[in-house]
Amino acid sequence: MASLYKCMSALGKTLVTRPVVRSSVCSKLPLAANFRSLSSAANYENIIVEKRGEKQNVGLIQLNRPKALNALCDALMDDVSNALQKFEADKEVSCIILTGSQKAFAAGADIKEMAGYTFQSVYSGNFLAHWDQVTRTKKPVIAVVNGYALGGGCELAMMCDIIYAGDKAKFGQPEILLGTIPGAGGTQRLTRAVGKSVAMEMVLSGDPITGQEAKEMGLVSKVFPSEEVLDKAIELAEKIGKNSKLTVAMGKEAVNAAHELSLQEGLKTEKKIFYATFATEDRKEGMAAFVEKRKANFTDN
């Protein structure tokens with residue numbers, strides 16, 4: 001608990017669990033010197049967007065509000081949603097990485113702006129609904145988490161398909177300390193990832209867990225030194241990118257179904273998607289390449 005209060009103290013009045021509504025405007029911040037923005041990208045104010053990898057086929061979105069520890073204001077989430085849609089439409093991009101800084105993946109939004117909200121305003125305004133673009137993206141999305149992923153930051157990471165964590169990462173749902181509860185999937189995705197007992201403890205106490213603890217509980221796939229984790233994620237994205245984009249999307253759909261359906265319904269869904277691969281050219285090519293002992297040449301058809 002002490003570490004959580006230390007984080008909240010460092011954030012001052014900027015830490016909350018979720019983004020502010022659309023009337024919020026985030027500050028414009030300069031691009032980091034070591035990032036090359038896409039020439040075709042919009043003039044994003046709160047994120048940095050580029051392509052990475054040997055074949056420039058990995059889309060990278062970096063949350064870029066360092067002074068606020070990447071607080072998830074509404075304008076930032078609009079930028080993320082827009083960038084995801086652009087990468088989704090980009091035929092060269094096979095996988096997307098979402099990351100923050102060494103200090104924070106994302107530690108929340110602005111308490112002062114949320115403090116005046118009412119039930120009527122958040123309900124009628126469908127508060128948080130536009131976050132769904134992360135989960136609607138068909139291409140794999142890898143979260144690279146360094147530092148704090150608290151509240152909405154933890155929820156955003158869990159919306160991604162794979163989470164790689166740095167060795168100094170901390171995950172938490174501290175909403176209870178603010179008199180509220182998670183509202184962007186924290187109680188649902190966390191429970192599915194780590195089980196009822198651990199999720200209940202985290203949600204009701206507000207205590208965070210380390211990246212290593214998150215790995216042991218099944219919340220993240222792997223933990224690396226913080227200075228290496230992004231490169232490791234890019235390696236994974238490039239490896240995924242060697243496969244058929246069409247089949248990768250189908251595999252992602254099947255795995256996601258396991259979270260939404262009963263076992264029997266999930267098995268039926270898997271079978272249907274498996275059968276569907278037999279209508280693709282890439283399935284023919286993949287099996288032919290295996291039989292002929294050569295490398296497959298996938299065309300995403």
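Only a predicted model underlies this, so the values are computations on that prediction, with no experimental measurement involved.
A single hydrophobic cluster is not seen to contain both Val93 and Leu246; linkage of ILVMFWY side chains at heavy-atom distances under 4.5 Å, directly or through other members, places them apart. Hydrophobic clustering, with ILVMFWY side chains joined whenever heavy atoms are under 4.5 angstrom apart, keeps Val255 apart from Met250. Hydrophobic clustering of Ile, Leu, Val, Met, Phe, Trp and Tyr side chains at less than 4.5 Å, counting indirect connections, unites Leu236 with Val229. Connection of Phe298 to Val58 is not established within any shared hydrophobic cluster, with ILVMFWY side chains joined at heavy-atom distances below 4.5 Å, either directly or through further cluster members. Placement of Leu261 and Leu267 in two distinct hydrophobic clusters is found when ILVMFWY residues are connected by side-chain heavy-atom separations under 4.5 Å, directly or transitively.
Atom CZ of Phe278 sits in a crowded spot, with more than 12 heavy atoms from other residues, nucleotides or ligands closer than 6.0 Å. Crowding of Glu270 atom CD: a count of heavy atoms from other residues, nucleotides or ligands under 6.0 Å not exceeding 12. Counting heavy atoms of neighbouring residues, nucleotides and ligands inside a 6.0 Å radius, atom CD of Glu54 does not exceed 12 of them. Within a 6.0 Å sphere centred on NZ of Lys252, heavy atoms belonging to other residues, nucleotides or ligands number more than 12.
Residues Glu50 and Arg52 are paired through a salt bridge, judged by an N-O separation under 4.0 Å between the basic side chain and the carboxylate. We find that Lys51 and Glu92 are joined by a salt bridge, their nearest charged nitrogen and carboxylate oxygen being less than 4.0 Å apart. Between Arg294 and Glu285 there is a salt bridge, since at least one side-chain N of the basic residue sits less than 4.0 Å from a carboxylate O of the acidic one.
For the pair Ile142/Cys95, a side-chain contact is recorded, criterion being any heavy-atom separation below 4.5 Å from C-beta on. The closest side-chain heavy-atom distance from Lys222 to Phe224 is below 4.5 Å. The shortest side-chain heavy-atom distance between Glu253 and Ile273 falls under the 4.5 Å cut-off. You'll find the side chain of Glu155 reaches within 4.5 Å of the side chain of Pro182, heavy atoms only. Side-chain atoms of Phe171 and Thr210, non-hydrogen and from C-beta on, never get closer than 4.5 Å to each other. Ile209 places a side-chain heavy atom less than 4.5 Å from the side chain of Met217. Side-chain contact between Leu60 and Thr99 is present, with heavy atoms from C-beta onward closer than 4.5 Å. Two residues are said to be in side-chain contact when any heavy atoms from C-beta on lie closer than 4.5 Å; Gln212 and Asp167 fail this criterion.
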(request) In sequence, state the C-alpha distance, the side-chain angles, and the governing distance for Thr280 and Asn301, and then conclude on side chain to side chain contact (heavy atoms under 4.5 Å, CB included). (result) CA-CA 6 Å; Thr280 69; Asn301 293 303; over 6 Å; no

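Considering CD of Gln173 and SG of Cys154, their distance stands at 4.0 Å, rounded to 0.5 Å. With values rounded to the nearest 0.5 angstrom, Asp300 atom CG is found 5.0 Å from Ser244 atom OG. Taking CD of Gln188 as the start and CE of Met158 as the end, the distance is 10.0 Å to the nearest 0.5 Å. A distance of 9.5 Å separates CG of Leu63 from CG of Asn46, quoted to the nearest 0.5 Å. Atoms OG1 and CG, from Thr247 and Asp282 in turn, are 5.0 Å apart once rounded to the nearest 0.5 Å. Rounded to the nearest 0.5 angstrom, Ile97 CD1 and Tyr164 OH are separated by 9.5 Å.
For Phe105 and Tyr148, the ring centers sit 6.0 Å or farther from each other.
Checked by atom type and distance alone, the side chain of Glu88 pairs as donor or acceptor with a backbone atom of Lys138 at under 3.5 Å. Checked by atom type and distance alone, the side chain of Ser81 never pairs as donor or acceptor with a backbone atom of Met77 at under 3.5 Å. A donor-acceptor distance shorter than 3.5 angstrom exists from the side chain of Asn70 to the backbone of Arg65, with no hydrogens or angles considered. Lys196 places no side-chain N or O within 3.5 Å of a backbone atom of Thr191 that could act as its donor or acceptor partner. Between the side chain of Thr137 and the backbone N or O of Gln133 there is at least one donor-acceptor pair closer than 3.5 Å.
Annotation for Ile176 and Ser205: closest pair CG2-C, 3.9 Å, computed over non-hydrogen atoms. When every heavy atom of Pro140 is checked against every heavy atom of Asp161, the shortest pair comes out as CA-OD2, 3.3 Å. Closest approach of Lys55 to Glu238, counting heavy atoms only: N-OE2, 4.4 Å. What you find for Ala169 and Val145 is that their closest heavy atoms are CB-O, 3.7 Å. Considering every non-hydrogen atom in both Asp132 and Thr135, the closest pair reads O-OG1, 2.8 Å. Nearest heavy atoms, Asp79 versus Ile47: O-CD1, 3.4 Å.
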